Engineer: 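This structure is in structure tokens; I'll ask about it shortly.
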Amino acid sequence: MSRTRTAWLLAQLFGGALVALACGAGQALATTFGVAMTLPVASTPRLHDSLEEHARARSLLLRFAYAPEGAAEQQIAQVRDLIAAKVDALLVVPVRPAVTAAITRLAREADIPLVYINDGPREDWLAGRVALVIPNDLVAGRLQMRKLAQMMHGTGRLAILSGRPDEAGSILRTRGIKEVMAEFPGLQLVAEGAADGERRTAGTLVSGWLAEGTAIDAIAASNDAMAIGAADAVEASGLPAGRILIGGIGAIADAMQAMQQKRLAVTLHQDATLQGRRAIDDALALIAHRPVPQYDWVPFTLVTDRISTMQFSK
């Protein structure tokens with residue numbers, strides 16, 4: 001078990017307490033990054049391990065604090081604790097969009113560099129030393145829909161599963177899907193619903209559409225969990241795998257397995273390893289007052305069942 005995973009287990013045992021990880025020699029003098037993030041589940045373990053790996057390579061000290069999805073007040077309190085501990089920079093994976101205004105203000109008031117990872121405020125300009133290492137979600141929606149449209153030969157009946165209505169990433173992915181859909185007059189939107197990013201909720205929605213007799217040729221979901229939920233509903237309805245083309249975003253392990261089983265047609269890989277490296281590099285640059293892109297976009301890679309899952313196992 002890695003030191004990072006050990007830290008996570010200790011954090012759970014002691015109520016989310018902060019756990020310092022020595023990632024190189026000279027711990028007492030090491031530059032220290034405070035990492036406030038969601039629990040390392042689903043796709044985040046890859047990011048978690050990447051942060052540890054790249055911090056160790058640069059002889060940095062990481063101090064982790066974990067909060068469940070949606071626990072905004074807990075994460076804000078953890079950021080306050082990290083600032084009080086005099087970390088040299090903050091790396092934050094927001095547990096919900098609402099936390100970013102408070103966290104950005106706290107970092108600016110303390111004059112501490114702040115790097116958001118995976119999600120963050122979408123503003124033209126942010127005061128202070130702030131950078132965002134995030135994917136371009138608008139592009140993700142476009143890529144997914146363009147591939148589905150190609151598979152549908154530009155014609156057919158489409159359903160859309162969107163995520164939480166307060167999440168910029170979900171909004172942008174759905175917008176990208178609809179932008180590309182508008183380019184194909186032969187595509188018809190027959191159903192749309194918000195499944196809040198949840199597998200079970202998506203399954204319930206799709207089951208309802210199919211039970212009502214809605215004819216669907218493809219489903220575009222703004223994350224893999226919802227895509228898998230849609231596949232569950234299609235299977236439960238008695239339709240064969242692949243009869244309805246289903247697209248997701250994330251390339252999580254369950255989605256890659258579902259793709260090999262022909263339950264999903266397409267997903268998009270978001271390189272968590274690259275995110276970790278860029279976040280570490282950007283934080284070091286901000287500490288040194290060197291310029292970094294405020295939006296350090298991380299590319300997506302289109303994945304179909306022709307691409308081996310082994311490429312995305314880490």
Side-chain angles (χ1 to χ4, degrees), residues 33 35-38 42-44 46-51 53-55 58 89-97 99-101 103-104 107 113-147 162-164 166-180 197 220-224 247-252 255 266-288 290-303 307 311-312 314:
F33 289 174
V35 185
M37 66 179 294
T38 51
S43 61
T44 52
R46 289 181 290 178
L47 172 61
H48 198 266
D49 291 348
S50 176
L51 290 171
E53 174 189 350
H54 294 293
R58 293 157 178 78
L90 292 166
L91 308 180
V92 177
V93 180
V95 295
R96 62 175 302 169
V99 304
T100 60
I103 289 174
T104 302
L114 167 63
V115 178
Y116 285 107
I117 311 173
N118 198 49
D119 199 2
R122 309 298 172 96
E123 300 179 21
D124 292 338
W125 180 79
L126 291 166
R129 289 181 284 168
V130 182
L132 296 90
V133 179
I134 61 175
N136 191 323
D137 292 295
L138 184 64
V139 170
R142 290 171 179 167
L143 283 171
Q144 182 207 66
M145 189 63 240
R146 199 166 297 281
K147 186 60 180 179
S162 57
R164 296 182 178 88
D166 64 339
E167 287 188 350
S170 173
I171 293 168
L172 289 169
R173 290 176 183 184
T174 301
R175 184 187 301 171
I177 290 167
K178 291 183 175 180
E179 284 181 358
V180 172
S222 61
N223 76 2
D224 280 343
I249 297 174
I252 64 174
V266 63
T267 186
L268 294 165
H269 175 238
Q270 181 178 318
D271 193 338
T273 300
L274 179 60
Q275 280 185 305
R277 177 175 63 79
R278 286 192 180 177
I280 294 289
D281 289 345
D282 286 353
L284 287 170
L286 290 171
I287 288 172
R290 295 196 305 269
V292 299
Q294 181 161 291
Y295 288 92
D296 191 353
W297 300 114
V298 177
F300 281 103
T301 303
L302 195 66
V303 185
I307 299 178
Q311 295 181 48
F312 308 107
K314 294 292 184 182

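Keep in mind that what you see is a predicted model, and the values were worked out from it rather than measured.
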Engineer: Roughly how far, to the nearest 0.5 Å, is the CZ atom of R173 from the CG atom of L138?
Structural biologist: 11.0 Å

Engineer: Please identify each residue that fulfils side chain to side chain donor-acceptor pair (under 3.5 Å) with E53, with sequence neighbours left out.
Structural biologist: none

Engineer: Roughly how far apart are R290 CZ and D282 CG, rounded to 0.5 Å?
Structural biologist: 10.0 Å

Engineer: Any side-chain heavy atom of N118 sitting closer than 4.5 Å to one from M37?
Structural biologist: no

Engineer: If you round to the nearest 0.5 Å, how far is CE of M145 from OG1 of T174?
Structural biologist: 12.0 Å

Engineer: Could you report the tightest heavy-atom contact between F300 and N136, atom names first, then the distance?
Structural biologist: CE1-O, 3.6 Å

Engineer: Could you check if a side-chain atom of S162 sits within less than 4.5 angstrom of a side-chain atom of I177, using non-hydrogen atoms only?
Structural biologist: no

Engineer: Backbone N or O of I117 within a donor-acceptor pair of the R278 side chain at under 3.5 Å?
Structural biologist: no

Engineer: Mind checking side chain to side chain donor-acceptor pair (under 3.5 Å) for T104 and listing every partner two or more places apart, or none if nothing turns up?
Structural biologist: Y116

Engineer: Please report the closest heavy-atom contact between Y295 and P121, naming both atoms and the distance.
Structural biologist: OH-O, 3.1 Å

Engineer: What's the verdict on side-chain contact (heavy atoms from CB on, under 4.5 Å) for D137 and E167, showing C-alpha distance, side-chain angles and the deciding distance?
Structural biologist: CA-CA 11 Å; D137 292 295; E167 287 188 350; over 6 Å; no

Engineer: Looking at S222 and G163, would you say the former's side chain and the latter's main chain have a donor-acceptor pair under 3.5 Å?
Structural biologist: yes

Engineer: So which atom in H269 and which in D271 form the shortest heavy-atom distance, rounded to 0.1 Å?
Structural biologist: CE1-CA, 3.8 Å

Engineer: Can you name the side chain to side chain donor-acceptor pair (under 3.5 Å) partners of D281, sequence neighbours left out?
Structural biologist: R58

Engineer: How many angstroms lie between atom CG of D166 and atom CD1 of I171, to the nearest 0.5 angstrom?
Structural biologist: 7.5 Å

Engineer: For D224 and A255, indicate whether the former's side chain and the latter's backbone hold a donor-acceptor pair under 3.5 Å.
Structural biologist: no

Engineer: For I280, which of V115, V133, L91 qualifies under side-chain contact (heavy atoms from CB on, under 4.5 Å)?
Structural biologist: L91

Engineer: Please step through side-chain contact (heavy atoms from CB on, under 4.5 Å) for the pair V35 and H48, ending with a clear verdict.
Structural biologist: CA-CA 10 Å; V35 185; H48 198 266; over 6 Å; no

Engineer: Nearest heavy-atom pair of I249 and Q144: which atoms, and what distance?
Structural biologist: CG1-NE2, 3.8 Å

Engineer: Is there a side-chain contact between Q270 and Q275 (heavy atoms, below 4.5 Å)?
Structural biologist: yes

Engineer: What's the shortest heavy-atom distance between L143 and L302, and which atoms?
Structural biologist: O-CD1, 4.0 Å

Engineer: Do you know which two heavy atoms are closest between L132 and L126, and how far apart they sit?
Structural biologist: CD1-CD1, 3.9 Å

Engineer: Short question: side chain of D119, backbone of P94 - any donor-acceptor pair under 3.5 Å?
Structural biologist: no

Engineer: Quick one: does any side-chain atom of S50 pair with a main-chain N or O of R46 as donor and acceptor, under 3.5 Å?
Structural biologist: no

